[in-house]
Structure formats: structure tokens, C-alpha cells
Trainee: 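Just passing along the structure, written as C-alpha cells.
Ligands are counted one by one from 1 in listed order, and the atoms in each one are counted from 1 as well.
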Amino acid sequence: TLDGRRIELSANIEFPEEVPSILHYGCDGIGLYRTEYFYLNRTDVPGEEEQFKAYKYVAQKMKPHSVIIRTLDVGGDKLVSQLGIPKEMNPFLGWRAIRFCLARPEIFKVQLRAILRASNYGKLKMMYPMISGIEELKEANSLFEEVRCELKKKKIGFDENMEVGAMIEIPSAAMTCDVLAKEVNFFSIGTNDLIQYSLAVDRSNEKIAYLYQPAHPAVLRLIKNIIDVAHGNGIWVGMCGEMAGEPHFALLLLGMGLDEFSVSPMSVPIIKNVIRSVRLDQMQELAKEALKLPSGKQIEEFTKRRLKETTPSIVKTVGRPKSAALDYTD
Ligand code: PEP
Ligand code: MG
């Protein structure tokens, strides 16, 4: 920022092949590597060697930058037939992500082993998706510890200090993050899901898209709580949901104290421009004012107005669907 606060700006990726292009966009690292895409468009389950090679490649190419690998987040909108996840009435509320992984430790442990082995080749971090409470987090960590012990016994090298984090994308996790903070090194806020769960708005239903409001005061209060509690417990907190890549919301999140923004590769230069054009103390004031407003719409309009003042060079975000495009010129 103009007053010297350094913010980590990372990119979200789905495939190792994206690495050369994201480096071109000038990011500090990868804040979300979605590994479930490994499982799509095939009939078998990827083995340890195949996963290890991919993670190692990403770790090496990104070195010395860090890479946060998210463990398998299947289910919900990401259906993978070979894993035998049945059709459910409410897939977003169903057997998905960490719930699936804890029920199928033989699949989960293969991934944990591959990640740990790859951690020897760069600066890897790892995070669990869809944590809803402390039991899940402890169970995941204990499987992780089991894998660490197994590797040590076999004298297979890995980064002993690899950071492990939890995605905060369920309201119950957001409300109990003081408890969760004791078990991890960082949080990453997944607003794509956090918004849909806290506002009861299906993130993929166009008919109710108008209700999907990232700046709804309920969502902002949850985010504020997560950031404050993380800092109170001495851990850092990032955001890898789409909200972090919206320039006007970036002002707000900056003011709320977010440490890391992980955005789609194309948004990296845009958010970098936004962050470099403002003072942190002014954004803290902006956030205070915004949090007093009663509705998501008002907060969104307020932040868009402020963005025009702080970063007039931003005109339109590139490549967004027309319906959602933000016109900063009006
Ligand atoms: C999120 O929920 O914000 C997120 C980053 O994860 P995904 O979009 O893959 O569910
Ligand atoms: Mg999610």
C-alpha cells in the first residue's frame, strides 16, 4: 500500500499447466491449488506417484514462492463418478470435501503422502476444505500426523515445518474460528461457499443470483470475526474466494485486515494496482464506515464509489460475464 503495508497477492489454479502463465501475471505465489480436477474426466483414481509428480512440478516451478495445495474437495458442484459419491438431494450440504476424505482415509492418505513428499522440493502449504468444526479438523490433522510418522519411519524426506491451514467457508467454522485457530497455521476464507451457506443462496442458481451478495452485512461480520480472531491467535488469514478478486471489495478487505488475497490469474494485476494505489489507514476508515451500512447493496455502491476515487484507472474488469460485469465508469 502507499503507506508501506505489504500484502501477499497470490493466484488460484486448477492445473499445473497454468504455472508459467501465472508467473507472467506477477503473483507472489499460489493461494489455492484446487486438486479435485485431477479426478475429473477419468475412470480411475489418481495414485500417489502421479499426484506427487504434479505437486513437485508446481512446487519447483514456483520456488521460492509458496503454494497452498487444497486437499480433495469433491462433491457439491464437482461430481466425480469413480469415487462412488451418490446423487444426493442437497449435494452442497452432503457428502463432500473433508467429509468424504475422512470417510475414505485410504484415498485421503495417498494425497497427504504425495503432498508431504513434494514439500521437499519447494515451499508447499496445505489446507483442508469445508471444515465445519473442531472434530473434523482434529481428525484430519491426526491422519496427517499418521502419514508424517509413516514417512519418517521409511526415512522419506519432507518439510517438517510445512504450514497447515483450514478453509473457513462454513458459518459454523467462522463462528468457532477461535477454537480452530489453535490447530492450524493459517486460515483461508472461501467466500464462494461462505456466502452461499450464510445467505442460503445456491451459488449456481441464476434465478437467485441477485441475493448472492458478498457485501451482505452478515457475510462481512463473519469475515471481520475470522480476521480479528486469526490475528488475536497469532495466525495469518487469506481469502481465496472470488470476492478477493473484485477491486471494490479488495479495498474493504484490505481495511478489514486481510493478509493475503488469492485471486484468478487475470485479476492479479488489477488487484495489485488497487492495493498499490491506497493507504491502509484510509481503507481501515472505509471498512469502519462500510460495516455501519445496513445492506449489501449499499455497501457495494459505497465501495464502488470509493474505488473510483482511489483507483480511477480501473475501468472494467476483463473477462467477467456481462451480467456480473462491474462498470466503474458510471
Ligand atoms: C470457495 O468456496 O470460496 C472456494 C475458494 O472454493 P471453491 O470455489 O472451490 O468451492
Ligand atoms: Mg469452497
Trainee: Just by distance, do the side chain of Ser10 and the backbone of Asp28 share a donor-acceptor pair under 3.5 Å?
Mentor: no
Trainee: Give a yes or no on whether Glu206 atom CD has more than 12 heavy-atom contacts from other residues, nucleotides or ligands under 6.0 Å away.
Mentor: no
Trainee: Taking N or O atoms only and a 3.5 Å limit, does Arg34 qualify as a polar contact for ligand 1?
Mentor: yes
Trainee: Using a 3.5 Å cut-off on N or O atoms only, is Thr191 in polar contact with ligand 1?
Mentor: yes
Trainee: So, Arg42 and Glu50, do they make that salt bridge, N to O below 4.0 Å?
Mentor: yes
Trainee: Under 4.0 Å, heavy-atom basis, I'd like to know which part of Leu194 is in contact with ligand 1: side chain, backbone, both or neither.
Mentor: neither
Trainee: With respect to atom 10 (O) of ligand 1, which of Gln196, Arg203, Glu169 exhibits the smallest heavy-atom separation?
Mentor: Arg203
Trainee: Step by step, would you call Glu150 with Lys152 a salt bridge (Lys or Arg N to Asp or Glu O under 4.0 Å)?
Mentor: CA-CA 5 Å; Glu150 287 163 14; Lys152 265 191 209 166; over 6 Å; no
Trainee: For ligand 1, does Met167 get within less than 4.0 Å through its side chain, its backbone, both, or neither, judged by non-hydrogen atoms?
Mentor: side chain
Trainee: Would you say that more than 12 heavy atoms from the other residues, nucleotides or ligands in this model lie under 6.0 Å from the CD of Glu135, or not?
Mentor: no
Trainee: Taking the six-membered ring of Phe158 as reference, does the NZ or CZ atom of Arg117 fall below 6.0 Å from its centre and within a 45° cone about the axis?
Mentor: no
Trainee: If you measure from the Lys or Arg side-chain nitrogens to the Asp or Glu carboxylate oxygens, is any gap between Lys304 and Glu300 under 4.0 Å?
Mentor: yes
Trainee: To which protein heavy atom is atom 6 (O) of ligand 1 closest, and what is the distance rounded to 0.1 Å?
Mentor: Arg70 NH1, 2.9 Å
Trainee: For atom 1 (C) of ligand 1, what's the nearest protein heavy-atom neighbour? Residue, atom name and distance, please.
Mentor: Asn192 CB, 3.4 Å
Trainee: For Trp236 and Phe186, take the angle between the two ring planes, folded into 0 to 90°, and tell me which bin it lands in: parallel under 30, tilted 30 to 60, perpendicular over 60.
Mentor: parallel
Trainee: Between Arg148 and Glu145, is there a salt bridge with N-O shorter than 4.0 Å?
Mentor: yes
Trainee: When you check the space around the Mg ion (ligand 2), which protein N, O or S atoms turn up under 2.8 Å?
Mentor: Glu169 OE1, Asp193 OD2
